[in-house]
Protein chains: 2
Amino acid sequence: MARLGLTPQRLAAEGAELADEVGFDRVTASALAQRCGVKVASLYAHIRSTQDLKVRIALFALNELADRAAEAVAGRAGKDALVALGNVYRDYAREHPGRYAASQLRLDSATAAASAGPRHSQLARAVLRGYHLGEPEQTHAVRLLGSVFHGFASLDLGGAFSHSVPDSEESWSWTLDALDALLSSQSPSNRRPPH
Amino acid sequence: MARLGLTPQRLAAEGAELADEVGFDRVTASALAQRCGVKVASLYAHIRSTQDLKVRIALFALNELADRAAEAVAGRAGKDALVALGNVYRDYAREHPGRYAASQLRLDSATAAASAGPRHSQLARAVLRGYHLGEPEQTHAVRLLGSVFHGFASLDLGGAFSHSVPDSEESWSWTLDALDALLSSQSPSNRRPPH
DNA sequence: TATTTTTCCTAAAGACTTTAGGCAAAGTCA
DNA sequence: TGACTTTGCCTAAAGTCTTTAGGAAAAATA
């Protein structure tokens, strides 16, 4: 009965660790309680349900990922920014597979709107400033970036590219080059920004 | 005790239906048994475990998806083939969200190798024949296509593009145009194939 | 200090998974 | 056809996870 001072935030963070260790789909209230040195029922003072816990982990991961993305994009522009942003997603999926899986959890629209999701779009928009796109091209490009980054990270994480030549790494560089070329050619001026 | 003639294949198909109705993560042996008009324990004559059931549903979905992709690509070339292939994935995710989620289930490498996964790569390669890429560009392009198709379908399904202007549909057309342009520019001849 | 709130606990009910053992239907073979 | 084996379904039961209810002690508040 020594009180441990658990909070929903702390539980989300511990849950994120647990997800990385055993997989997001195996995060249970039982396992988390054990990890925190507490009985299962005690968790229900802090979370409403296991689903609620999973949502909190998802929000935690989305936020952490947005923080990293913001850090990577700051002070960079053009292709540098594009590569830095892409690497954040790819590296996060590799370093924190459980959190990455959590970040893909389906959220209801109110929760999604209050999540760090919009920050991710904003960061993609910031990167695209270097390519001088108008609307609606910029929005399309935001979605393309999201699709490629998420799709690549997801397939890479799933092992779709492993045990096969060439290296996943090479395809990733090639993909970033291709995206840069594509976005540059979409620019109204149709010129590459200065290196 | 009227015997229903269940088989692992039939259970996978019923499981796929169930996944579309309630979501892949809520597919349980209990629910499937109820749906088949059988007691839970009876399922274990056909499947080893719930995990085994999920794997079978995943394989079912991958196969069905590959069949559709093959059908769409047959008799088409160039951009037509690219668009047709992309639409298969996008439409499948929309029509069969549970099956699409199942198709993303992580499989161990032996199972993955025996799945329809390789057929998907082959179909992407077939589409890319129209762009006359050499190696390793073709492999990179296969991966890019996989990333974009999967990423877009996944985000679209997650509602990331809904309730927002412009329409997801427009971004999809734009994306396919962009991919076509990109692949054409990667071609050694650097010329667009005839329309 | 007295009171209220919070955080932990034990207990218990309900759902899902999985194994064990039994019985009758379906398939096999004289 | 009748005996034998196999198969597919059943009931029963044990284990895990979720969730609620109610109680006791620590922490916060007045």
For this session: Give a yes or no on whether the backbone of B:L107 and the side-chain of B:T111 come within a donor-acceptor separation of less than 3.5 Å.
Result: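 No.
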Problem set entry | A:A41, nearest nucleotide to its side chain (from C:dA11, D:dT18, C:dC8) |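 Per side-chain heavy atoms of A:A41, the pick is C:dA11.
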For this session: Could you check which of D:dT19, C:dC8, D:dC10 has an atom nearest any side-chain atom of A:Y44?
Result: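 Minimum distance to the A:Y44 side chain belongs to D:dT19.
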Within the 4.0 Å heavy-atom criterion, would you say [X] contacts the bases, only the backbone, or no part of the nucleic acid?
X     : result
B:V38 : sugar-phosphate
B:T28 : sugar-phosphate
A:A45 : nothing

At under 4.0 Å, does any side-chain N or O of [X] touch on OP1 or OP2 of [N]?
X     : N      : result
B:T50 : C:dC16 : no
A:S30 : D:dT16 : no
A:H46 : C:dT6  : no

In this structure, how many angstroms lie between the [atom2] atom of [N] and the [atom1] atom of [X], rounded?
X     : N      : atom1 : atom2 : result
A:D25 : D:dT16 : CG    : P     : 19 Å
A:L32 : D:dC17 : CG    : P     : 13 Å
A:L53 : D:dC17 : CG    : P     : 14 Å
A:L43 : C:dT10 : CG    : P     : 14 Å
B:L6  : C:dA25 : CG    : P     : 17 Å
B:K39 : C:dA20 : NZ    : P     : 22 Å
A:Q34 : C:dC9  : CD    : P     : 13 Å
B:L18 : C:dC16 : CG    : P     : 12 Å

Exercise. Could you give the distance from CD (A:Q104) to CG (B:L157), rounded to the nearest 0.5 Å?
Worked result: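 Going from the CD atom of A:Q104 to the CG atom of B:L157 covers 11.5 Å.
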Exercise. Can the ring centres of A:H96 and A:Y100 be said to be less than 6.0 Å apart?
Worked result: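 Between A:Y100 and A:H96, which both carry aromatic rings, the centre distance is not below 6.0 Å.
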Exercise. Are B:F149 and B:H120 close enough that their ring centres sit under 6.0 Å apart?
Worked result: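 Centroid separation for B:F149 and B:H120: 6.0 Å or greater.
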Exercise. Which residue, B:D52, B:I47, B:L18, forms the side chain to side chain contact (heavy atoms under 4.5 Å, CB included) with B:L11?
Worked result: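 For B:L11, the side chain to side chain contact (heavy atoms under 4.5 Å, CB included) check succeeds only for B:I47.
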